[in-house]
Amino acid sequence: MTSRARHCAWRLGIVILGICSIAAGVYLLRNWIDIFTRMRGEEMALSPTSRSYADWKVSPLPLNFDVYLFNWTNPEDFYEGSPRKPRFEQLGPYRFREQPDKVDIEWHNHNASVSFRKKAFYYFDAAGSNGTLEDVITSVNTVAHSGARRFHEMPSILRVIAATTVSNLQEVSETQTAEDWLFKGFKNALVTMGKFISPSQVPYDRIGYQYPRNGTTCFDGDINMFTGADDISKMGEIYTWNNLTHTGAFEGSCGKVHGSMGEFFPPNLSTNGSVYLYMPKMCRAVPLDYTETVTVHGITAYKFSGTRHAVDNGTMYPDTSCYCVDGNCKPAGVINIARCSYNASIYMSYPHFYLADPSYLDAVEGLQPEKEKHEFYMALEPNAGVPMDVGGGFQANYLMEPIRGVALYARVPRIMMPLMWAEERVRVTEEIAANIGLVPLIVLMGQILTGVLLAGGLLCTCWYPTRKLTRLCHSDDPKAKASVLRPLTTFSVSGGNSGPAAASASGGATTTQQLFHQHASHNERVGIRLLDYRRSSGWTDSGCSSASERLLESGSTDVIIS
């Protein structure tokens, strides 16, 4: 092989290498995220032997469960026409250290899912609490009112007896200690009677906001979720709750079981989307919308927050109209979960009626919503979908309203009464954040490799033409420059001529002189000013006073190149 042939083969190899690099860069640009997600899925999918199993079963982070109770300070003024609004005093937080675990675990390979129950023990943290479990708190007597609402289902004689009993033995309010209101629970005569008459409709023997959550598996029910073994994007997505794919608490899509249980979310999150958190005690999935990008221990995270969308019932968002139970739509800001709480008149909202219709806040005293304290949010690392910072909670409210035929409730106003709210605030440690930070680092490395391949491919492909042009610019041979410029000049002139001369040019017989003769027949004066190349400054305008520049008169037959 001659040296010229080797030189051509070498140049061709460089060009082919450049084309391959560009193709590889384009492929990675379009598919790197998917490739990495599949690679990560093979390692991170939940299984008894996976790296994520231990942290999923028992959280490695210290968990604090904070509960706030509303003390009703003026129940004696609660009657129709009263000049005073119901006034509430927030007490707490009553902090409990939570030790969670997942038990009754069963793996289902046929659909890549796992079933389990949540079990947790709660230990009172006196040092982290603002108050003691012996605090005496007055709240709404929800048992008496809920029972009175169902008296119409009884025969006439029993209805009169029950109404008289409630009016004589019960009050509109109930006073107990904080411990009784929370995990311990307390006895109630109506509950005892109801459990004796109809055990199936009265599942508990005590009353308490968190009873019987402590140390049992029945509070959150049976959960089945996908492990991600077949599709990592489904990891953590709940499939059934208590063997149901639809709760029946709400109609249509509002009652569908879906969303995350809080440990895992879909990878490759977008700032244009939302994530869903399934809340068993609300029998629904709560949407969290992207609000801002934050930094947690130096790691970029997307903050998804509960907005008005999550507590609307069709007032602002048509897709939420199915949260109106039996066609009864309350002003936005509260969600009726009666069908999820034994038909008690319970409504969920953000704490202190944050983002709710102003009418709820105007009806009571003592509540003050603040975004910093009452926003529900989750900050997620967008590539892995892992929670970095979680805060906020929901508030339980009871709708008090008059009940005909029951003297105790014949003259009460219709008001949404706050009961309590709870929150869990969890933030990953710096060590865990550093491990999570490897995911965006690997994604960045893939993007850098993509850029290198594209840049290297373009460089290899354009290397030879660039080298030729560079040599030309540094050449002192005017004939070499003229040989390059002459076809360009001829092309530019022929491009502006559509007459007979252009037609003859296609046959190869037209000269530059003929082209100018043809063009001059339509113009009195035609001039071409050529550019003079100087080594010191590259291509420059030679100027009007240069001796080397000539204007072509209409009858001229000369083209001067200098």
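Side-chain atoms are counted along with the backbone in the values below, which use heavy atoms only and exclude waters and symmetry mates.
- With hydrogens and angles left out, the side-chain atoms of Asn130 and Tyr68 include no donor and acceptor closer than 3.5 Å.
- Under the 30°/60° scheme for interplanar angles, the aromatic rings of His352 and His374 are found to lie parallel.
- Ring-plane geometry between Tyr323 and Phe250 is classed as perpendicular, the angle between the planes exceeding 60 degrees on a 0 to 90 degree scale with a lower cut at 30.
- Within 6.0 Å of CD on Glu76 lie more than 12 heavy atoms contributed by other residues, nucleotides or ligands.
- Between Lys102 and Asp220, none of the side-chain N atoms (NZ, or NE/NH1/NH2) sits under 4.0 Å from a carboxylate O, so this pair counts as no salt bridge.
- Around the CZ atom of Arg84, the shell of radius 6.0 Å holds no more than 12 heavy atoms that belong to other residues, nucleotides or ligands.
- The 12-atom threshold is not exceeded at CD of Glu171, counting heavy atoms of other residues, nucleotides or ligands nearer than 6.0 Å.
- At a cut-off of 3.5 Å, with distance as the only test, no side-chain donor of Thr73 or Glu89 sits close to an acceptor on the other residue.
- Under the 30°/60° scheme for interplanar angles, the aromatic rings of Trp107 and Trp56 are found to be tilted.
- When side chains are defined from C-beta on, Tyr204 counts as touching Tyr342, because their heavy atoms get closer than 4.5 Å.
- Annotation: the span from Cys283 atom SG to Ile335 atom CD1 amounts to 12.5 Å, rounded to 0.5 Å.
- The pair Glu292-Lys303 counts as a salt bridge, with a side-chain nitrogen and a carboxylate oxygen less than 4.0 angstrom apart.
- Here the side chains of Lys373 and Tyr354 are not in contact, with every heavy-atom distance at 4.5 Å or above.
- Counting heavy atoms from C-beta outward, Leu69 and Met420 have side chains that approach closer than 4.5 Å.
- In this structure, Tyr239 places its OH atom where only 12 or fewer heavy-atom neighbours from other residues, nucleotides or ligands lie under 6.0 Å away.
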- request: Evaluate the side-chain contact (heavy atoms from CB on, under 4.5 Å) criterion for residues Asp319 and His309: first the C-alpha distance (whole Å), next the side-chain angles of each, then the deciding distance (0.1 Å), finally the verdict.
  value: CA-CA 9 Å; Asp319 63 301; His309 186 202; 3.1 Å; yes
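- A donor atom on one side chain and an acceptor atom on the other are not found under 3.5 Å apart for Asp101 and Gln99.
- Counting only N and O atoms by type, the side chains of Asp135 and Thr132 include a donor and acceptor under 3.5 Å apart.
- Of the options Arg414, His145, Met416, a side-chain contact (heavy atoms from CB on, under 4.5 Å) to Met400 is made by His145 and by none of the others.
- Judged purely by distance below 3.5 Å, without hydrogens or angles, the side chains of Trp421 and Gln90 pair a donor atom with an acceptor atom.
- At a threshold of 4.5 Å between non-hydrogen side-chain atoms, the residues Pro351 and Pro369 do not count as touching.
- Note: Phe96 and Tyr122 have perpendicular aromatic rings, judged against thresholds of 30 and 60 degrees for the angle between ring planes.
- Under the 6.0 Å distance and 45° angle rule, Lys281 counts as a cation-pi partner of Phe219.
- Residues Val390 and Tyr377 are not in side-chain contact: their nearest non-hydrogen atoms beyond the backbone lie 4.5 Å or more apart.
- Checked against a 6.0 Å centroid threshold, the rings of Phe376 and Phe394 count as neighbours.
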query: Yes or no on side-chain contact (heavy atoms from CB on, under 4.5 Å) for Asp205 and Lys187, after CA distance, side-chain angles and deciding distance?
result: CA-CA 7 Å; Asp205 58 350; Lys187 293 284 187 178; 4.0 Å; yes
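- Salt bridge Glu401/Arg149: present, at least one basic N to carboxylate O contact under 4.0 Å.
- Rounding to the nearest 0.5 Å gives a distance of 9.0 Å between CG of Asn64 and CD of Glu424.
- A donor and an acceptor atom, one from each side chain of Ser139 and Tyr398, are nowhere located under 3.5 Å apart.
- When the shell of 6.0 Å around CD of Glu365 is examined, it contains more than 12 heavy atoms from other residues, nucleotides or ligands.
- The side-chain contact (heavy atoms from CB on, under 4.5 Å) test with Ser113 singles out one residue from Glu106, His108, Met225, and that residue is His108.
- Residues Ile223 and Trp241 meet the side-chain proximity criterion, which asks for heavy atoms closer than 4.5 Å.
- No hydrogens or angles considered: nothing links the side chains of Thr240 and Thr245 as a donor-acceptor pair under 3.5 Å.
- Taking the six-membered ring for Trp and thresholds of 30 and 60 degrees, Tyr94 and Phe124 have ring planes inclined between 30 and 60 degrees apart.
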